[in-house]
Amino acid sequence: MLRVSKLTDYALVVLSRLAQEAPGTVMTAPRLAAETHLPEPSVIKVLKQLSHSGLVAANRGAAGGYALTRLPTDISVREVVTALEGPIALTACVDSSEDVCTMENSCPMRGRWDPVNAALHQALDAVTLAHMAHRESAYAQGVR
């Protein structure tokens, strides 16, 4: 079974909450944790990773907190998953993979996973944070 980690799921929940606010709105980690009902230490960890990847900006000081760096329509689910999980690939032997496979030179499947991985990337790029933050499902909005 393919499954994203709990932290990736939390990241989408936190980002979806930020996406419901006006652009540039800053929210603190404790407020995000309280409003999403997620553990504060996990929210802090996720926000640090999202900040490192450039999806949120961290603002220090008395009025500090976190804000989206782009509009929700400009942030894809693929970007969020990659920020938390690293590069997305179903196998280690795809053309752009950094992983090394001992069977790589003799494997009859070499290169054959590339179209599958490309389709996965395309599907995750098609769903944005705006879709995820909207109360209706992305499918109800015509994303397929």
Side-chain angles (χ1 to χ4, degrees), residues 1-101 103-104 107 109-144:
M1 172 186 296
L2 296 172
R3 186 180 291 195
V4 296
S5 71
K6 188 181 289 188
L7 282 180
T8 299
D9 185 34
Y10 287 176
L12 283 163
V13 171
V14 168
L15 288 171
S16 292
R17 179 60 193 93
L18 282 168
Q20 293 171 353
E21 297 294 323
T25 298
V26 175
M27 295 179 74
T28 65
R31 179 177 169 197
L32 284 163
E35 291 186 14
T36 59
H37 308 287
L38 296 174
E40 189 173 329
S42 296
V43 170
I44 291 168
K45 183 175 183 175
V46 160
L47 287 167
K48 284 182 183 178
Q49 288 182 267
L50 294 170
S51 177
H52 181 67
S53 69
L55 295 174
V56 298
N59 301 308
R60 296 179 183 250
Y66 295 86
L68 295 176
T69 57
R70 292 182 275 148
L71 294 174
T73 54
D74 296 334
I75 298 173
S76 72
V77 170
R78 178 181 173 191
E79 290 180 273
V80 179
V81 173
T82 300
L84 277 286
E85 307 277 346
I88 301 167
L90 292 176
T91 64
C93 61
V94 296
D95 286 339
S96 60
S97 176
E98 296 176 7
D99 294 335
V100 177
C101 175
M103 302 281 298
E104 185 174 5
C107 181
M109 289 291 106
R110 182 175 179 173
R112 295 203 171 61
W113 278 102
D114 294 335
V116 176
N117 283 307
L120 177 61
H121 290 182
Q122 183 179 7
L124 292 175
D125 280 335
V127 181
T128 67
L129 181 56
H131 293 118
M132 299 298 282
H134 198 273
R135 294 206 186 276
E136 295 178 25
S137 74
Y139 291 99
Q141 297 175 28
V143 173
R144 299 198 194 283

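The first residue of the sequence shown is numbered 1, and numbering continues consecutively from there. Excluded from the calculations below are hydrogen atoms, water molecules and symmetry mates; all remaining heavy atoms, backbone and side chain alike, are included.
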Chemist: Applying side-chain contact (heavy atoms from CB on, under 4.5 Å), can you list everything that pairs with D74, at least two apart in sequence or on another chain?
Modeler: R70, L71
Chemist: For the atom pair NZ (K45) and CG (L47), what is the distance rounded to the nearest 0.5 Å?
Modeler: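 Going from NZ on K45 over to CG on L47, the span is 12.5 Å.
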Chemist: With a 3.5 Å distance limit and no angle check, can you tell me whether H121 reaches the backbone of I88 through a side-chain donor-acceptor pair?
Modeler: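 Between the backbone of I88 and the side chain of H121 there is a qualifying donor-acceptor contact (under 3.5 Å).
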Chemist: Which pairs would a plain distance check flag for residues 50-66, meaning a side-chain donor or acceptor within less than 3.5 Å of a matching protein atom at least two apart in sequence or in another chain?
Modeler:
unit_1: S53; atom_1: OG; unit_2: Q49; atom_2: O; d: 3.4
unit_1: S53; atom_1: OG; unit_2: L50; atom_2: O; d: 2.9

Chemist: So do R17 and V13 actually touch side chain to side chain, heavy atoms under 4.5 Å?
Modeler: no
Chemist: What distance do T128 atom OG1 and L15 atom CG have between them, rounded to the nearest 0.5 Å?
Modeler: 11.5 Å
Chemist: What are the two closest non-hydrogen atoms of V80 and A11, and how far apart are they?
Modeler: CG1-CB, 4.1 Å
Chemist: For the atom pair CD1 (I75) and OG1 (T69), what is the distance rounded to the nearest 0.5 Å?
Modeler: 5.5 Å
Chemist: Looking at every heavy atom in both A29 and V43, which two are closest together, and how far apart are they?
Modeler: O-CG1, 3.8 Å
Chemist: Kindly indicate whether the side chain of V127, heavy atoms from C-beta on, has any atom under 4.5 Å from the side chain of S76.
Modeler: no
Chemist: On a heavy-atom basis, which atom in A19 and which in L68 lie closest, and how many Å separate them?
Modeler: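 Shortest heavy-atom separation between A19 and L68 comes out as CA-CD1, 3.8 Å.
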Chemist: To the nearest 0.5 Å, how far apart are CD in E40 and OG1 in T28?
Modeler: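 E40 atom CD to T28 atom OG1 measures 8.0 Å (nearest 0.5 Å).
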Chemist: Look up atom OG1 in T82 and atom CG in L124, then write down how far apart they are to the nearest 0.5 Å.
Modeler: 8.0 Å
Chemist: What residues, two or more places apart in sequence or in another chain, satisfy side-chain contact (heavy atoms from CB on, under 4.5 Å) together with T8?
Modeler: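 With neighbours one apart ignored, the set is V4, S5, V81, L84, E85.
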Chemist: Roughly how far apart are H134 NE2 and Q20 CD, rounded to 0.5 Å?
Modeler: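 If we round to the nearest 0.5 Å, H134:NE2 and Q20:CD are 10.0 Å apart.
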Chemist: Nearest heavy-atom pair of L12 and L129: which atoms, and what distance?
Modeler: O-CD1, 4.5 Å
